[in-house]
Amino acid sequence: MKFFVDTADVTEIRDLAATGLLDGVTTNPSLIAKSGRKIQDVIAEICAIVEGPVSAEVAATEYQAMLREAAVLSAIAPNVVIKLPLTPDGLRACHILSKQGTLTNVTLCFSAAQALLAAKAGASFISPFVGRLDDIGQDGMELIADIVQIYGNYPHLRTEILVASIRHPIHLIQAAKLGAHVATIPPNVIKQLYHHPLTDKGLAHFLADWAKTGQSIG
Ligand code: E4P
């Protein structure tokens with residue numbers, strides 16, 4: 001499973017890239033707004049840190065304007081993925097960009113039908129938002145299971161399932177058990193993945209016993 005980080009915070013991205021665990025980055029207009037920086041500047045800086053796919057989202061809602069914005073964003077770096085909303089215009093732009101060989105990420109997916117449309121439009125990635133579905137009392141992970149099953153029925157569909165709106169480690173584990181290709185994870189959830197109280201307790205015990213030996217290695 002590939003791990004993307006869902007942030008436009010370059011300091012966080014640099015730290016995570018150093019772990020060797022980071023396969024890509026996703027941003028959205030809210031994350032860019034939070035960074036307080038110009039989208040071209042922040043995406044260029046992220047692409048210089050991370051070799052993998054870096055999603056940058058268009059802000060236009062009409063397909064020709066989306067294509068114009070996509071051209072600006074694609075020119076930033078070869079690993080920019082154009083993120084498009086799951087609307088008729090977004091899918092139309094996705095179809096054109098995909099035919100041109102541009103990587104695309106169709107976002108704001110909340111149903112299996114929408115995921116099927118995105119795959120037919122040639123999306124490189126589909127982003128179903130599990131946390132936001134959970135928030136309204138629906139089961140976000142059920143959507144992932146449906147998309148895995150549907151895409152699995154049609155092996156010619158090349159769209160990768162990018163699980164988004166992840167809120168906690170259990171979302172990630174469930175998505176991995178279902179075989180989703182990618183998870184885009186907020187930095188705080190990535191940090192949570194490392195922790196287990198028995199690891200901390202076990203390490204403290206080992207270090208205490210080691211200190212009693214009076215040895216040093218090397
Ligand atoms: C995905 O690409 C989105 O940026 C993101 O996962 C949305 O998550 P949120 O529901 O926590 O805002």
Side-chain angles (χ1 to χ4, degrees), residues 1-10 12-13 16 21-37 39 42-43 45-47 50 52-61 66 69-70 73-74 76 79-87 90-91 93-94 97 102-112 114-115 117-119 121 123-144 147 159-176 178 180-193:
M1 182 184 228
K2 282 176 271 191
F3 279 13
F4 291 0
V5 65
D6 198 29
T7 185
D9 181 329
V10 174
E12 295 267 23
I13 292 169
L16 286 164
L21 297 174
L22 194 60
D23 301 303
V25 178
T26 54
T27 65
N28 63 37
S30 304
L31 293 170
I32 297 291
K34 196 172 162 195
S35 78
R37 301 179 61 194
I39 185 167
V42 75
I43 296 295
E45 200 173 339
I46 295 170
C47 289
V50 178
V54 175
S55 288
E57 187 161 341
V58 299
T61 54
M66 286 176 173
E69 290 185 359
L73 296 172
S74 291
I76 297 172
N79 54 332
V80 169
V81 176
I82 302 302
K83 202 168 175 191
L84 301 148
L86 209 153
T87 60
L91 292 186
C94 175
L97 291 168
T102 301
L103 291 175
T104 51
N105 175 358
V106 174
T107 189
L108 291 167
C109 171
F110 294 96
S111 79
Q114 290 179 322
L117 289 177
S124 315
F125 300 99
I126 180 68
S127 290
F129 280 34
V130 293
R132 292 193 196 187
L133 278 171
D134 291 356
D135 289 346
I136 61 159
Q138 294 185 18
D139 186 349
M141 217 40 70
E142 211 169 277
L143 173 60
I144 304 304
I147 301 172
T159 306
E160 293 190 35
I161 302 166
L162 194 172
V163 181
S165 188
I166 284 182
R167 299 278 160 77
H168 46 68
I170 295 169
H171 272 151
L172 177 71
I173 296 310
Q174 289 173 331
L178 289 167
H181 306 93
V182 192
T184 189
I185 320 168
N188 66 311
V189 177
I190 295 184
K191 285 175 194 134
Q192 289 172 27
L193 299 177

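We count ligands from 1, going down the list as the structure has it; atoms in each ligand are counted the same way.
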> Should Leu172 and Phe3 be marked as a side-chain contact (heavy atoms from CB on, under 4.5 Å) after you check the CA-CA gap, both sets of side-chain angles, and the distance that decides it?
Replying inline: CA-CA 10 Å; Leu172 177 71; Phe3 279 13; 3.8 Å; yes
>> Could you check whether any heavy atom of Arg167 sits closer than 4.0 Å to an atom of ligand 1, since that is the contact criterion I want to use?
In response: yes
> What pair of heavy atoms forms the shortest contact from Ala175 to Met141, and how long is it?
Replying inline: N-SD, 3.9 Å
> Can you tell which of Asn28, Leu108, Leu31, Thr184 gets a heavy atom nearest to atom 4 (O) of ligand 1?
Replying inline: Asn28
> To the nearest 0.5 Å, what is the distance between CG (Leu31) and CG (Asn28)?
Replying inline: 4.0 Å
> Who's the nearest protein heavy-atom neighbour of atom 5 (C) of ligand 1, and how far?
Replying inline: Asp6 OD2, 2.8 Å
>> Using heavy-atom distances only, which candidate in Pro186, Ser165, Gly131, Ser127 approaches atom 8 (O) of ligand 1 most closely?
In response: Ser165
> What are the two closest heavy atoms between Asn105 and Ser55, and how far apart are they?
Replying inline: ND2-OG, 3.1 Å
> Quick one: nearest non-hydrogen protein atom to atom 7 (C) of ligand 1, plus distance?
Replying inline: Phe129 CE2, 3.6 Å
> Among all protein non-hydrogen atoms, which one is nearest to atom 2 (O) of ligand 1, and what is the separation to 0.1 Å?
Replying inline: Lys83 NZ, 2.6 Å
>> Distance under 4.0 Å to a non-hydrogen atom of Ala164: what atoms of ligand 1 satisfy this?
In response: 1 (C), 6 (O)
> What residue and heavy atom of the protein are closest to atom 12 (O) of ligand 1, and at what distance?
Replying inline: Arg132 NH2, 2.8 Å
>> With a 3.5 Å distance limit and no angle check, can you tell me whether Ser127 reaches the backbone of Ala164 through a side-chain donor-acceptor pair?
In response: no
> Would you say Lys83's side chain and Thr27's backbone share a donor-acceptor pair under 3.5 angstrom?
Replying inline: yes
